[in-house]
Number of protein chains: 2
Amino acid sequence: MKVTLKDVADAANLSVASVSRILTNRGRYSEVTAKRVRELAQKMGYYKNQNAADLSSKKSRAVGVVVPLIHTNFADEVIKGLYEATISSGYELLITYLDENEDHQYQVFQTLLSRQVGAVFMLSLDIPSWMVNTLLEEKISVISLTALLNDQVSAVTSDESEMMNTIIDYLVTMGHKNIALIGDTKLTTIISNTRRTNFIKLMHAHGLTDDNMFLYGTDHTYETGYNSVTTDYDINHLPFTAAVATADLVGQGLANAMLDHGKKVPDDLSIVTIDGLQQTEIARPKLTTIQQNFPEIGRVAMQLFLNSDSSNKDPQVIYIPTELIQRDSVLNLNAKI
Amino acid sequence: MKVTLKDVADAANLSVASVSRILTNRGRYSEVTAKRVRELAQKMGYYKNQNAADLSSKKSRAVGVVVPLIHTNFADEVIKGLYEATISSGYELLITYLDENEDHQYQVFQTLLSRQVGAVFMLSLDIPSWMVNTLLEEKISVISLTALLNDQVSAVTSDESEMMNTIIDYLVTMGHKNIALIGDTKLTTIISNTRRTNFIKLMHAHGLTDDNMFLYGTDHTYETGYNSVTTDYDINHLPFTAAVATADLVGQGLANAMLDHGKKVPDDLSIVTIDGLQQTEIARPKLTTIQQNFPEIGRVAMQLFLNSDSSNKDPQVIYIPTELIQRDSVLNLNAKI
DNA sequence: TTGAAAGCGATACCAG
DNA sequence: CTGGTATCGCTTTCAA
């Protein structure tokens with residue numbers, strides 16, 4: 001049978017109350033007995049039943065993380081950041097995956113609620129809004145990572161507009177005019193819509209017209225990148241000289257498609273990817289990218305939550321700086337003779 | 001305030017006992033009232049406090065998953081399998097990450113224990129043995145994934161010996177004699193040691209001697225692959241014609257190092273990687289690999305656990321088939337004129 | 001079929 | 001500084 005608080009108390013000839021106080025470092029007790037109790041607990045192999053503790057104290061040190069089952073592995077980076085912040089604060093991470101199935105979503109959501117998590121970190125993509133609303137009603141902090149959900153939830157993310165601006169600015173400086181946005185450009189999810197909108201807006205801001213813009217794809221996959229130039233556009237007469245990939249993998253697909261068809265990157269097509277994971281460095285040619293600081297996003301998000309009880313309660317948005325990393329996938333058209 | 005069982009019971013003019021029975025589909029009750037209660041609970045926004053439920057019933061539907069913080073992303077694949085099996089069985093996954101820090105390990109371990117998990121799935125690599133032992137003492141099933149830990153714990157994994165045999169067999173058939181094992185070849189962890197030992201044993205079994213073998217590296221990183229041929233060996237006079245990479249990333253590093261130095265793959269070096277994730281298909285040249293079925297490992301592991309109460313209790317080892325996928329990174333020496 | 005009541009293991013308030 | 005005890009929300013006999 002499992003060792004309980006009472007067992008330790010009996011063995012120590014103390015009350016459960018005292019032992020509890022000692023083991024949680026709360027309230028008053030003498031260091032002498034405390035030492036004795038701690039050793040005893042250790043020796044007896046006692047460990048707290050967190051379920052009971054949470055039930056009794058009506059709080060929980062657990063926070064939930066919702067990760068899309070199909071993610072572009074930037075999730076791992078974010079989780080690393082969360083892990084760091086979490087482990088040093090004594091909180092515990094309840095990571096749940098989410099697919100597109102409604103029933104499953106409901107189940108996951110139930111899990112989170114029924115475990116009394118204090119906060120839920122939503123990792124990008126299409127989190128059902130009924131889920132967010134219910135969480136909010138239950139006074140559970142919802143923090144959106146790598147995406148702005150709506151103005152009721154806090155978010156820690158890269159500045160999408162700035163990112164896109166940096167990219168287009170760079171591309172235009174390099175002499176590009178006809179530019180494509182490839183990857184997830186659909187209108188139905190918040191993040192893809194944001195990117196699409198920003199792309200169009202910023203192209204205009206750079207004096208480019210609709211004729212200079214090209215949009216392709218509805219997801220962040222390798223295949224989308226690959227197929228864009230092999231099926232939808234004529235690879236021998238691409239109407240654009242540069243492409244912005246909404247994820248590293250998309251850019252990789254783009255690059256491979258070119259290579260596989262005897263074309264060269266960046267000579268025949270310049271590519272800039274969004275994300276900047278290890279992959280972009282491993283690719284040949286190395287991919288120019290705007291790198292998001294995912295671990296930092298995780299770390300900051302956790303801190304935001306930890307500090308939230310004390311100070312204000314209003315939803316906040318924190319932007320984590322991104323960095324343009326110039327590598328070998330963008331051609332300088334101006335240098336061309 | 002949160003809606004509790006009692007609230008629902010009051011609203012329904014029933015006792016908590018009855019409502020509990022209905023909501024958990026246990027015991028006897030009339031379908032008529034059941035329907036009423038279920039609707040009421042739904043409308044009131046009731047959801048079970050799983051902590052209280054677990055505490056009361058002294059069991060838990062949660063299982064833990066321990067993932068090395070630095071993983072070769074095959075972990076995601078395994079988790080997908082686990083998730084599938086878990087979501088359809090009503091269990092809940094408690095995913096925890098683990099780094100090398102002893103204190104953190106202890107903390108993670110505490111989390112798992114204190115949440116009363118029914119089983120812990122250990123994802124490869126160096127899981128501290130004190131952790132395993134304590135878990136076992138607490139009668140918590142420990143199932144090792146993608147690695148054999150010891151004969152006290154069940155395991156679901158690929159057949160390491162068979163994998164290595166397939167690779168060497170293939171390489172020898174293609175005319176290779178001098179072969180290197182590159183990646184994690186250290187003696188101190190179970191999995192790397194297994195691979196190292198199998199490599200040597202199977203090289204011998206193929207009539208090759210120690211002079212034909214080369215070992216390099218102590219981890220599964222890209223850098224290890226890259227550095228092996230650029231620093232430790234003379235890239236212009238490699239003593240081996242083929243290399244077995246202990247992970248895809250290692251193979252990728254190897255390939256890039258060759259490419260970056262004007263060498264060709266497979267002409268100047270043949271490469272076979274172990275794992276076979278998407279990466280090997282994206283690489284150029286595409287990497288020949290022995291592919292492990294990670295999602296299946298996850299699925300089977302969960303099923304193993306689910307069926308374990310009913311039948312026997314002995315530790316079992318289940319091997320999930322692997323597949324050699326021939327792509328473009330191995331040269332056929334025999335075909336050479 | 002339904003209800004009363006005894007826990008589950010820990011916390012925290014209130015006395016002593 | 002220490003102990004008694006109500007309580008957290010739910011499950012589970014045992015009676016009714």
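In this text the structure is predicted, and so the values were computed from the model without any measurement. Numbers restart at 1 for each chain; the letters A, B, ... are given by sequence-line order, proteins then strands.
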Trainee: Describe the nucleic acid contact of B/Ala17 in one word from base, sugar-phosphate, nothing, applying a heavy-atom distance below 4.0 Å.
Mentor: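 B/Ala17: base contact, heavy atoms under 4.0 Å.
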Trainee: With B/Ser57, which residues qualify under side chain to side chain contact (heavy atoms under 4.5 Å, CB included), at least two apart?
Mentor: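 Side chain to side chain contact (heavy atoms under 4.5 Å, CB included) list for B/Ser57, sorted by chain: B/Lys59.
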Trainee: Whole-Å distance between D/dG9 P and B/Asp7 CG?
Mentor: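 Nearest whole value for this atom pair: 9 Å.
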Trainee: Considering only D/dT2, D/dT12, C/dG3, which nucleotide approaches the side chain of B/Ser20 most closely?
Mentor: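 Between D/dT2, D/dT12, C/dG3, the one nearest the side chain of B/Ser20 would be D/dT12.
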Trainee: Can you identify which nucleotide, out of D/dT2, D/dT11, C/dA10, has its nearest atom closest to the B/Thr24 side chain?
Mentor: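 Nearest nucleotide to the side chain: D/dT11.
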Trainee: Between P on D/dT11 and CZ on B/Arg26, what's the gap in Å once rounded to a whole number?
Mentor: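 Result: 7 Å.
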Trainee: On DNA chain D, does the nearest nucleotide to A/Ser30 precede the nearest nucleotide to B/Leu55 from the 5' side, or the other way round? Give the residue.
Mentor: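 Looking at the nearest nucleotide for each, A/Ser30 comes out on the 5' side.
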Trainee: Which part of the nucleic acid does A/Arg21 contact within heavy-atom distance under 4.0 Å: base, sugar-phosphate only, or nothing?
Mentor: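 Base contact - A/Arg21 has a heavy atom under 4.0 Å of at least one base atom.
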Trainee: Take B/Lys35 and B/Glu31 through the salt bridge (Lys or Arg N to Asp or Glu O under 4.0 Å) test and state the conclusion after the steps.
Mentor: CA-CA 6 Å; B/Lys35 190 162 182 300; B/Glu31 257 318 315; over 6 Å; no
Trainee: What side-chain donor-acceptor pairs closer than 3.5 Å can you find for residues 76-84 of chain B, not counting sequence neighbours?
Mentor:
from: B/Tyr83; atom 1: OH; to: A/Asp99; atom 2: N; distance (Å): 3.4
from: B/Tyr83; atom 1: OH; to: A/Asp99; atom 2: OD2; distance (Å): 3.3
from: B/Glu84; atom 1: OE1; to: B/Arg299; atom 2: NE; distance (Å): 3.0

Trainee: Side chains of B/Ser158 and B/Gln292: is there a donor and an acceptor less than 3.5 Å apart?
Mentor: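 Yes, B/Gln292 and B/Ser158 have a side-chain donor paired with an acceptor closer than 3.5 Å.
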Trainee: Determine whether a donor-acceptor pair (one donor, one acceptor, N or O, separation below 3.5 Å) exists between the side chain of B/Ser56 and the base of C/dG7.
Mentor: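 Check passes, donor-acceptor contact within cut-off.
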Trainee: Please state how far atom NZ in B/Lys6 lies from atom C1' in D/dT11, giving the value in whole angstrom units.
Mentor: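 Nearest whole value for this atom pair: 17 Å.
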